[in-house]
Amino acid sequence: QVQLVESGGGLVQPGGSLRLSCAASGFTFSSYRMSWYRQAPGKERELVATIASAGDSTNYAESVRGRFTISRDNAKNTLYLQMNSLKPEDTAVYYCKALLRWTTYWGQGTQVTVSS
């Protein structure tokens with residue numbers, strides 16, 4: 001079955017960094033575009049970043065552009081989100097997303113809290 005398992009979240013101070021990982025299984029990871037989303041309490045889930053299947057094209061939300069980097073290692077079936085210069089407004093649950101032909105899959109989410 002398709003599984004997406006996020007890890008790497010935690011508590012960091014403003015200006016700090018975190019690296020999130022999403023371990024994928026149950027599908028041909030290298031054939032699909034992958035995305036990171038986040039959702040803060042009381043807010044809509046928002047797209048953070050997207051990466052093409054080969055990792056040669058990326059897109060970012062304006063709020064994270066220049067601070068976050070999405071990447072992938074297709075040999076390891078793993079998606080990453082490097083988060084630098086973190087701000088309190090980055091606090092949210094971060095989700096890994098895979099859009100397959102007919103179904104969208106989500107990981108369980110990992111909490112990122114940015115606070116001094």
Side-chain angles (χ1 to χ4, degrees):
Q1 70 275 37
V2 171
Q3 287 191 334
L4 301 171
V5 181
E6 299 98 335
S7 62
L11 174 65
V12 295
Q13 294 185 342
S17 297
L18 282 175
R19 185 176 180 85
L20 307 183
S21 298
C22 171
S25 61
F27 66 102
T28 306
F29 178 76
S30 61
S31 295
Y32 293 92
R33 183 179 306 274
M34 299 291 296
S35 299
W36 286 100
Y37 283 72
R38 68 185 182 186
Q39 187 168 26
K43 293 190 174 183
E44 301 279 325
R45 187 170 297 188
E46 65 173 340
L47 176 65
V48 175
T50 297
I51 187 166
S53 59
D56 55 346
S57 179
T58 58
N59 291 283
Y60 297 92
E62 176 65 27
S63 59
V64 307
R65 189 173 296 117
R67 300 187 297 119
F68 291 9
T69 302
I70 188 171
S71 62
R72 65 195 296 161
D73 187 336
N74 284 343
K76 296 181 178 180
N77 289 348
T78 303
L79 178 73
Y80 303 98
L81 185 67
Q82 179 66 48
M83 310 165 68
N84 298 327
S85 301
L86 283 161
K87 304 174 181 179
E89 50 263 47
D90 295 318
T91 295
V93 177
Y94 284 71
Y95 298 92
C96 175
K97 175 193 172 184
L99 176 58
L100 276 64
R101 185 168 177 82
W102 293 290
T103 308
T104 299
Y105 292 93
W106 299 91
Q108 81 288 351
T110 185
Q111 177 71 49
V112 172
T113 302
V114 185
S115 180
S116 58

Heavy-atom closest pair, residues Val48 and Tyr94: CG2-CE2, 4.3 Å
Is the number of heavy atoms from other residues, nucleotides or ligands within 6.0 Å of CD (Gln13) greater than 12? no
With a 3.5 Å distance limit and no angle check, can you tell me whether Thr91 reaches the backbone of Thr113 through a side-chain donor-acceptor pair? no
Taking the six-membered ring where the residue is Trp, are the ring centres of Tyr37 and Trp106 under 6.0 Å apart? yes
Ser115 side chain reached by Leu11 side chain, heavy atoms, under 4.5 Å: yes
According to a 4.5 Å side-chain heavy-atom criterion applied to Ile, Leu, Val, Met, Phe, Trp and Tyr, with indirect links allowed, do Leu81 and Leu4 form part of one hydrophobic cluster? yes
Could you point out which residue of Leu79, Asn59, Thr69, Asp56 forms a side-chain contact (heavy atoms from CB on, under 4.5 Å) with Ile51? Leu79
Taken in chain and number order and not counting sequence neighbours, the residues that satisfy side-chain contact (heavy atoms from CB on, under 4.5 Å) with Arg67 are Val64, Ser85, Lys87, Asp90
For the residue pair Leu18 and Leu86, what are the closest heavy atoms and their distance? N-CD1, 3.9 Å
Do Phe68 and Leu20 share a hydrophobic cluster (ILVMFWY, side-chain heavy atoms under 4.5 Å, transitive)? yes
In sequence, state the C-alpha distance, the side-chain angles, and the governing distance for Gln82 and Ser71, and then conclude on side chain to side chain contact (heavy atoms under 4.5 Å, CB included). CA-CA 8 Å; Gln82 179 66 48; Ser71 62; over 6 Å; no
Ile70 with Val112, same ILVMFWY side-chain cluster at under 4.5 Å: yes
List the steps and the verdict of side chain to side chain contact (heavy atoms under 4.5 Å, CB included) for Ser21 and Ser7. CA-CA 5 Å; Ser21 298; Ser7 62; 3.8 Å; yes
Validation row: Tyr32, Leu99 side chains within 4.5 angstrom (heavy atoms): no
Side chain to side chain, Glu6 and Trp36, heavy atoms closer than 4.5 Å: yes
Is the number of heavy atoms from other residues, nucleotides or ligands under 6.0 Å of Glu44 CD greater than 12? no
I want to check a possible cation-pi pair here: Arg38 against Tyr95, using under 6.0 Å from ring centre and within 45° of the ring axis as the test. no
Ala92 versus Ala40, closest heavy-atom pair with distance: CB-N, 3.8 Å
May I ask you to check if Arg72 and Phe29 form a cation-pi contact, with NZ or CZ under 6.0 angstrom from the six-membered ring centre and within 45° of the axis? yes
Determine whether Tyr105 and Lys97 satisfy the following criterion, side chain to side chain contact (heavy atoms under 4.5 Å, CB included), listing intermediate values before the conclusion. CA-CA 6 Å; Tyr105 292 93; Lys97 175 193 172 184; over 6 Å; no
Verdict with supporting geometry, Met34 and Thr50, side chain to side chain contact (heavy atoms under 4.5 Å, CB included): CA-CA 6 Å; Met34 299 291 296; Thr50 297; over 6 Å; no
Determine whether Thr78 and Asp73 satisfy the following criterion, side-chain hydrogen bond (donor to acceptor under 3.5 Å, both in side chains), listing intermediate values before the conclusion. CA-CA 5 Å; Thr78 303; Asp73 187 336; over 6 Å; no
Rounded to the nearest 0.5 Å, how far apart are CG of Leu100 and CZ of Arg33? 13.0 Å
Closest non-hydrogen atom pair, Leu47 against Ala61: O-CB, 3.4 Å
Which atom names give the shortest non-hydrogen contact between Ser53 and Asn74, and what distance separates them? O-ND2, 3.0 Å
Sorted by first residue and then second, give each disulfide (SG to SG under 2.5 Å) pair with at least one member in residues 5-92; sequence neighbours left out. Cys22-Cys96
Residue pairs, two or more places apart or on separate chains, that pass disulfide (SG to SG under 2.5 Å) and touch residues 59-93: none
